[in-house]
Amino acid sequence: MSIIVQDSGLLTILQTLDPEPSAKGNEYNGACDRLAHQLANQLVGNDKAAPTVEMTHQHSIIKFTEPTVIAFSGAGFKAKSGGREIFLNRIYLFDRGDELEFIPQKKGNRIYLAVAGGLKTEGSNVMKSGDEIIMCRDYTAHHDELFNMMKRRSEVNWGVDTYALVEVYLSDVYHIVRRPDVPDEIYEKLESGEYTVRNEKNRVALYVDGPEIALQDTGIEHAGVKGGVHIADSQPVLALNDFNKVTTAPQVGTIPSYHLHKLSQKSTGSKIQFKAIDAADAHANLYAHHLWMKSLFKAIDYKLSKELVKEKM
Amino acid sequence: MIFANGDCHITYQQEKPISDSERARIADGFLKGTHEYLKELQTTEHTLTFLYSPVKVMEAHNTIEPCDLVIEEVRAFLGRMEVAA
């Protein structure tokens, strides 16, 4: 049995946490929003790296064919199933025939849907309307407990509160790590005004408009790294997961990994402000972010185990 | 020059192009070698970019400044490959 992608929306893709080679020619270049990917998995008791369904901008409608425990995460989404309101970062049980439809919101661009026991696909990992995603059913004892609990109430009354994630997703300020070969004036220019997202080439790059950057092309061929900020037609282009491996567009810096969650949630019309920092500051921020993520996952485990113990009493 | 390209990459960059055969030799040397923190190598005509996990280095060395340690490893690798960095 499987879950059915009733309507694939703009881009629905089964995605791994980290880039993975695929014998079938699928592109597993990693989840754009690594936090949401891991959060959804953690809520349903999966390994944090298990594949999730990544849905971009115009989201899919999912149909369930058997009792399925799910959670979805992202930046500010809601969904509905029949007359039932479904919230992000909570655990739900859906039954055979249930449909889950995501409601477009002003903020946020990507949703990550995790299914307890994991997901896989036999064909392409890019889903089209009517495609099925196979449920792996790699159930652990923890999953069994979770199913038993959910059978009695089909949803829990707690989840990861939006306020807990505000610090990660709300701010429009993006750090950019300086390069030694880029003059200070470029960073001053980048910081001088606000940029607006013009459009996104799916999972490849975000194109923004704002103060023009006059950077001389030195003819250097750069590696395309995730978060890389390149200049094309005097405007910044921000590299996402599927960006070119090689580019001649001059690179002015790189957005650190802890700001890539919110970068991947930007949609057309969103605002971006750059703040240039050094690598040492980026590493200090990264470690603080790492500790915060660890505590968040521990809190989910604690809350879940408390619920399961309560259920047994 | 060698520098931190964001928080997860170290890049070696030179103005003179690196030939295709040289890039292949370096990439092969990287694949065959063992590395403490370097996970991947991306080569271009002018750059060698190494991916690493900064948190792993931070926790192994009880520091929040992992850059110098990784740059040292990059320098050692380039030395073995006879790339003048």
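Remember, predicted model here, so these are calculated numbers, not experimental data. Each chain gets a letter, A, B and so on, in the order its sequence line appears, and its residues count up from 1.
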Legend entry - Neighbour count >12 (heavy atoms, 6.0 Å) for atom CG, A:D233: no

Legend entry - Least distance between heavy atoms, B:G6 atom then A:A279 atom: O-CB, 4.5 Å

Inset, instruction - Look up atom CG in A:N285 and atom CD1 in B:I64, then write down how far apart they are to the nearest 0.5 Å. - result: 9.0 Å

Inset, instruction - For atom CD of A:E167, decide whether the heavy atoms of other residues, nucleotides or ligands shown that lie under 6.0 angstrom number more than 12. - result: no

Legend entry - Nearest heavy-atom neighbours spanning B:Q13 and A:D181: NE2-OD2, 3.3 Å

Inset, instruction - Give a yes or no on whether B:E40 atom CD has more than 12 heavy-atom contacts from other residues, nucleotides or ligands under 6.0 Å away. - result: no

Legend entry - Exceeds 12 heavy-atom contacts within 6.0 angstrom, atom CD of B:E65: no

Inset, instruction - Report yes if some heavy atom in the side chain of B:M58 is under 4.5 Å from a heavy atom in the side chain of A:L286; otherwise report no. - result: yes

Legend entry - Residues of residues 15-35 of chain B contacting chain A, heavy-atom criterion under 4.5 Å, by residue number: B:E15, B:R23

Inset, instruction - Kindly compute the distance separating OG1 (B:T63) from OH (A:Y287), expressed to the nearest 0.5 Å. - result: 10.5 Å

Legend entry - CG (B:D68) with more than 12 external heavy atoms under 6.0 Å: no

Legend entry - For chain B, which residues of residues 247-266 of chain A have heavy atoms nearer than 4.5 angstrom: A:Q251, A:T254, A:P256, A:S257, A:Y258

Legend entry - Contacts with chain A made by residues 45-57 of chain B (heavy-atom distance under 4.5 Å), listed by residue number: B:E45, B:H46, B:T47, B:T49, B:Y52, B:P54, B:V55

Legend entry - Under 4.5 Å from a heavy atom of chain A, the part of B:T43 involved: backbone

Legend entry - Proximal component of B:Q14, with respect to chain A [non-hydrogen, under 4.5 Å]: backbone

Legend entry - Close contacts, residues 234-246 of chain A versus chain B, judged by heavy atoms under 4.5 Å: A:K245, A:V246

Legend entry - Minimum heavy-atom distance between A:A223 and B:Q42, given as atom pair plus value: CB-NE2, 3.8 Å

Legend entry - Heavy-atom side-chain proximity of B:F3 to A:R178 below 4.5 angstrom: no

Legend entry - Option that, when pairs with chain B are counted at under 4.5 Å, heavy atom only, ranks first among A:G228, A:G219, A:P180, A:G227: A:P180

Inset, instruction - Return the minimal non-hydrogen interatomic distance between A:V177 and B:A4, and the atom names on each side. - result: CG1-O, 4.3 Å

Inset, instruction - Under 4.5 Å heavy-atom distance to chain B, tell me which part of A:H290 shows up: side chain, backbone, both or neither. - result: side chain

